[in-house]
Amino acid sequence: MSTRPRTAGKLPLPELAEMKRRQDRIVMVTAYDAPAARLADAAGVELILVGDTAAMVMLGHESTVPVTLDEMIFLTRAVTRAATRPIVVGDLPFGSYQPSDAEAVASAIRMVKEGGADVVKLEGAGRMAARVNAIAESGIGVMGHVGLTPQSATKLGGFRAQGRTAAAALALYRDALELEAAGAFAIVLEALPAPVAAAITGALSVPTIGIGAGPDCDGQVLVWHDLLGLYPGGTPRFVKRYAELADEIADALGRYATDVRAGAFPEERHTYSIPDDELAEFEAGLSEQH
Ligand code: KIV
């Protein structure tokens with residue numbers, strides 16, 4: 001639970017930059033449904049990301065690429081119904097912003113109007129900096145994302161750390177500065193060496209949110225299923241699992257199945273009664289049915 005004083009209502013977006021200035025760490029977590037959003041809100045996180053990781057952890061795809069804007073809006077709407085204070089970031093999926101600035105703005109507007117997102121996120125720099133600028137100019141806050149950008153994982157050679165040569169690190173540094181200049185209010189740094197992330201964080205006035213980018217970012221983000229041990233299989237090196245809920249769920253389901261098969265569930269206390277006279281009348285009525 002947060003130890004910080006809680007203010008009522010939505011966290012104002014400029015508070016994130018203030019937190020960076022005060023060197024207060026920013027907490028972001030992904031969530032994809034209302035119960036998770038309620039729990040994240042109660043835990044006092046500043047940001048909830050309805051990430052396109054939903055494609056993998058919620059929808060069973062092998063990568064983030066297949067999830068559609070309609071699907072992301074559906075999930076975002078569930079989150080925004082339940083999250084009161086955290087700023088909800090709607091992730092723009094692959095294909096919903098790359099073609100043109102106009103398409104990027106249209107997708108961002110749908111994410112805000114239909115999904116209820118407070119702000120949006122997109123991946124990449126270069127041509128994508130123009131998309132960031134167009135969305136920001138339309139009045140919608142945009143979070144950038146550089147380093148390992150999963151929507152381009154194939155082009156990057158897989159899910160691997162970025163910026164591990166001087167040239168690549170300098171390119172990422174320039175990308176981050178470009179996104180800030182384009183109007184991003186914060187930038188996710190994913191899977192890059194800690195000293196490179198620290199240099200980028202020091203150079204920007206907007207906050208950086210790290211995932212696999214070391215301790216010197218202004219905030220951190222983890223994927224819900226990784227953090228809680230809900231996703232089967234290995235987790236990346238940068239994940240810390242704070243619970244093993246998949247094991248707990250498997251155990252609970254196993255005990256439920258055993259009880260059902262043994263007739264041990266439901267018990268008397270799980271059933272509804274009927275007054276004796278009504279039961280007698282019901283039974284008399286039954287015998288008249290034959
Ligand atoms: O989609 C997502 O969950 C993300 C985080 C990994 C930052 O982009």
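Just so you know, these numbers use all the heavy atoms, side chains as well, and skip hydrogens, waters and symmetry mates. Just so you know, ligand 1 is whichever comes first in the structure, and atom 1 is the first atom listed for that ligand.
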Could you check whether R255 pairs with D251 (Lys NZ or Arg NE/NH1/NH2 to Asp/Glu carboxylate O, under 4.0 Å)? yes
Quick one: which ligand 1 atoms are inside 4.0 Å of a heavy atom on G51? 1 (O), 2 (C), 3 (O)
Is there a side-chain contact between Q98 and M128 (heavy atoms, below 4.5 Å)? yes
Salt bridge or not for E123 and R131, using N-O below 4.0 Å? no
shortest atom 3 (O) of ligand 1-to-protein heavy-atom contact is with T53 OG1, 2.5 Å
Evaluate the ring planes of H225 and Y231, with Trp represented by its six-membered ring, and classify them as parallel (under 30°), tilted (30 to 60°) or perpendicular (over 60°). perpendicular
Nearest heavy atom to atom 6 (C) of ligand 1 wins, so pick from V188, V221, I211, L122. I211
Give yes or no for whether the N/O distance cutoff of 3.5 Å, strictly under, is met between T30 and ligand 1. no
Less than 4.5 Å apart, side chain to side chain, heavy atoms only: is that true for M111 and I73? yes
Find all atoms of ligand 1 within a distance of less than 4.0 Å from any non-hydrogen atom belonging to L49, and give their numbers and elements. 2 (C), 3 (O), 4 (C), 5 (C), 7 (C), 8 (O)
For ligand 1, which is the ligand I care about here, please tell me if D52 has any N or O atom under 3.5 Å from one of the ligand's N or O atoms. yes
For the 3.5 Å polar cut-off, considering only N or O atoms, please tell me whether E190 and ligand 1 meet it. no
Given the rule that I, L, V, M, F, W and Y join up when any side-chain heavy atoms are under 4.5 Å apart, are V65 and L92 in one cluster? no
Atoms of ligand 1, numbered as shown, that sit under 4.0 Å from any heavy atom of K121: 8 (O)
Side chain or backbone of H145 under 4.0 Å from ligand 1, or both, or neither, by non-hydrogen atoms? side chain
Less than 4.5 Å apart, any side-chain heavy atom of Y97 and any of E103? no
